[in-house]
Structures are given as C-alpha cells and as structure tokens.
Amino acid sequence: MKLSTKHLLGIKDLLKEDIQLILSTATQFKEVLQRPVKKVPSLRDVTIVNLFYENSTRTRMSFELAERRLSADTLNFTASSSSAAKGETLLDTVNNILSMKVDMVVMRHSASGAPHFLAKYIPAAIVNAGDGINEHPTQALLDAFSMQEKLGTLEGVRVAIIGDIMHSRVALSNMYLLRKMGAEVMVVGPPTLIPKYIGEALGVKVTYNLQQALQWCDVANVLRIQLERQNQPLFSSLREYNLAYGIKQKMLDGLGKNIVIMHPGPINRGVEMDSEVADGPNSIILNQVENGVAVRMAVLYLLAGREG
Ligand code: NCD
C-alpha cells in the first residue's frame, strides 16, 4: 500500500486508510528499534533537510533520529543561526537548499500555513512538524499509536483533551485524527481557551468542568498552556489555572477506574499536572516519546514513495 498524499501537511486532509497505513508501518519500525542494530538502509538514497524556524526539543531530535535510523542523509537548519535572520524570505531559503538536491523538507514554523505555502512552490515532499496554532500531524499520529498500543484500539475510545485548546496544534491534529478513527473526544478547559462552535465544527463534546471530563474519559491528553501565543491574559494566573484544571493524583484516585495519562511535552509540572501524575503508573508520556521515532520513520519512509 502507498499513501494517497505526497506531503504530510496535516491530519485534516488524510484518509483513514493513510492513518492506518502509517500506524501499521510504525509497528514494524518499532520492532526494528528493539533490535541490537537499530538501523535499516531504506532511505539510503534520500536527502532530508530539517528546517526549524521555532524552538523544539523532542520533535526535532525525534525526526533526526528517525532519519538516521533509516540511513537518510540529513541537513539541519535553525532559523536563528541562518540568513533568515538577515532578511531572506522563506521561499528563497528553501529554493537555495533545494538547489543542493534535497528530496524532503521537515518544517516547523510559527506561522500557520507556512508548510502549505511551500508545498505549492517546491517539488520536495514536505512534512509539517508544527505550524503555528494550526496542526502538528506527527504528534497526533504518535499519540494515536501510543493509545492504540495501550488500549488495543482507537474505535470507541473516549479521549479528553485538556487545557489550552485554542492555541494548541496538538489538540487540533488529535481531534481530526481521533474522529476519523472512530474515537470519541471531549475538550475541557477555561471557556476563554476553547474556541466557540468547536463542538459542532469538529464533532467533539465540550465541557468547562475537569471532574466531568475525567469521569467520562478513558484517556486524558493534557496540554501545555501556550503563554507565548497569548497576547492578552486569558485566565487570571497559573496558580488559579492549576486549581481549576491541574490534574492531581487525589482526583485520579477518586475516579474508581484507571485512565491513561498523556502529554506531548514540554510539561509544566505543578501547572497542568502534578509530578505524581506525570510520573505515575498510568502515565505513558515517555512511551509517547519512544513511539515518536517509529512513527516518524513510518511517515518519512512512506512519503519517500516506499510501500508499507
Ligand atoms: C508541542 C508543540 O511544540 O506543538 N510540543 C511537541 O511538539 N511535543 C506542544 C507544546 O509546545 O506545548
């Protein structure tokens, strides 16, 4: 099977079959990563540039590792240390890089739609590694992979997405993916951080009550408050946010069931969740990071036109 798309710009435009193909290919790569020699020659003839216009730890390292495990040649570009700081446009930067015969571009940018713009103008395959407040498709894919690994299926699973829904590209990509795959979604957070009409637009439930969401869900995917994207205060203080929406171990103990705890990172301990919760037995936060490499290997492999 092959992907129906040339680029991975978002989950919005993916078919359910594409998502299934990426997840099953990732299972095979996860098996490769358990071997003593964690490397395959699959992309030996492929050159990939990692174009990061915005800070990143996990995502960037994960893509770099995935590329190396596939034996691709890689180039790294960091906006702050490049000619972008001298006023070069995005298209000029990329065209210059492409003259060096690059096949694929992995791109993170603070402007929503930046990878979609590039996809119109350059022949290389583009992977969106996070564009502004729009999408972060590989994060949603690794979240889905991790949920499926833990629970056996996505069909009918109840997922609560908690926190800064408005500014989170992780939330949007997760909502698209989970709805396509037959999971149920409830978003929860302060009213000022949940866009109006999101329920009808995306087929998700909305609540402002954390306890209600925890009682309803099988999985809690907890988000970071994206203070850097809020140009006016949308809640009174981090302390008050924690009082109303922070996940505490006592709450989980009182539910009478186990729920899976997820977070895309970076965590602000003591704000969106306590350390006891982040490091507790129901947390799969570090499994998410581990699975990220296998999922990104699958995405790069399939976008290079290989068959899964
Ligand atoms: C997220 C991001 O950058 O979109 N982190 C990540 O990629 N793992 C979420 C965040 O920054 O809060």
Side-chain angles (χ1 to χ4, degrees), residues 8-12 26 50-67 76 78-80 106-116 127-147 159-178 187-190 193-195 219-231 234-235 238 241-242 245-247 261-273 277-278 283-297 299-300:
L8 179 63
L9 301 175
I11 302 292
K12 189 176 178 196
N50 300 309
L51 205 60
F52 277 69
Y53 281 87
E54 201 189 75
N55 295 345
S56 170
T57 314
R58 264 158 299 272
T59 304
R60 183 178 183 140
M61 285 170 62
S62 184
F63 269 111
E64 280 188 44
L65 206 51
E67 290 154 6
N76 288 316
T78 312
S80 56
V106 174
M107 179 186 192
R108 170 167 285 197
H109 202 285
S110 57
S112 301
H116 307 68
V127 185
N128 181 2
D131 65 322
I133 59 166
N134 182 38
E135 282 221 48
H136 192 351
T138 56
Q139 181 69 43
L141 286 160
L142 76 90
D143 288 347
F145 183 93
S146 307
M147 271 180 241
V159 183
I161 305 178
I162 302 172
D164 188 351
I165 308 299
M166 174 129 71
H167 302 97
S168 172
R169 52 197 176 203
V170 177
L172 188 59
S173 287
N174 259 277
M175 287 186 272
Y176 284 135
L177 187 149
L178 291 166
V187 295
V188 53
L193 292 181
I194 298 186
V219 177
N221 197 352
V222 188
L223 307 171
R224 184 177 65 86
I225 293 287
Q226 314 252 313
L227 283 178
E228 76 277 20
R229 302 194 197 285
Q230 299 180 13
N231 40 26
L234 292 168
F235 53 88
L238 287 177
Y241 178 82
N242 174 259
Y245 294 103
I247 318 278
I261 302 291
M262 302 177 66
H263 195 302
I267 305 175
N268 286 308
R269 289 171 183 262
V271 179
E272 61 261 13
M273 66 169 70
V277 174
S283 161
I284 59 164
I285 295 172
L286 291 177
N287 303 77
Q288 290 174 260
V289 178
E290 181 188 347
N291 292 334
V293 180
V295 168
R296 291 180 172 115
M297 284 172 82
V299 166
L300 296 168

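What's counted below: heavy atoms across the whole structure, side chains too, no hydrogens, waters or symmetry copies. Read the numbers this way: they start at 1 and go in the same order the structure lists the ligands and their atoms.
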Can we say Arg229 and Glu54 salt-bridge, meaning some charged N sits less than 4.0 Å from an Asp/Glu carboxylate O? yes
For Ser146 and Asn287, which I'm curious about, is there any donor-acceptor pair between the side chains at under 3.5 Å? no
Which protein N or O atoms sit under 3.5 Å from any N or O of ligand 1? Give each pair with its distance.
| from | atom 1 | to | atom 2 | distance (Å) |
| --- | --- | --- | --- | --- |
| ligand 1 | 3 (O) | Arg108 | NH1 | 3.2 |
| ligand 1 | 3 (O) | Arg108 | NH2 | 3.3 |
| ligand 1 | 3 (O) | Arg169 | NH2 | 2.9 |
| ligand 1 | 4 (O) | Arg169 | NE | 2.7 |
| ligand 1 | 4 (O) | Arg169 | NH2 | 3.2 |
| ligand 1 | 5 (N) | Gly265 | O | 2.9 |
| ligand 1 | 7 (O) | Thr59 | OG1 | 2.9 |
| ligand 1 | 7 (O) | Arg108 | NH2 | 3.1 |
| ligand 1 | 7 (O) | His136 | NE2 | 2.8 |
| ligand 1 | 8 (N) | Gln139 | OE1 | 3.3 |
| ligand 1 | 8 (N) | Pro264 | O | 2.9 |
| ligand 1 | 8 (N) | Gly265 | O | 3.4 |
| ligand 1 | 11 (O) | Arg224 | NE | 3.3 |
| ligand 1 | 11 (O) | Arg224 | NH2 | 2.9 |
| ligand 1 | 12 (O) | Arg224 | NE | 2.7 |
| ligand 1 | 12 (O) | Arg224 | NH2 | 3.3 |
| ligand 1 | 12 (O) | Gln226 | NE2 | 2.7 |

Any side-chain donor-acceptor pair under 3.5 Å between Gln288 and Asp143? yes
Would you kindly say whether Glu67 and Asn50 are connected by a side-chain donor-acceptor distance under 3.5 Å? yes
For Phe63, does the six-membered ring have the charged nitrogen or CZ of Arg296 within the cation-pi criterion, i.e. under 6.0 angstrom from the centroid and within 45° of the normal? yes
With no hydrogens and no angle check, just 3.5 Å: does a side-chain donor-acceptor pair link Asn242 and Glu272? no
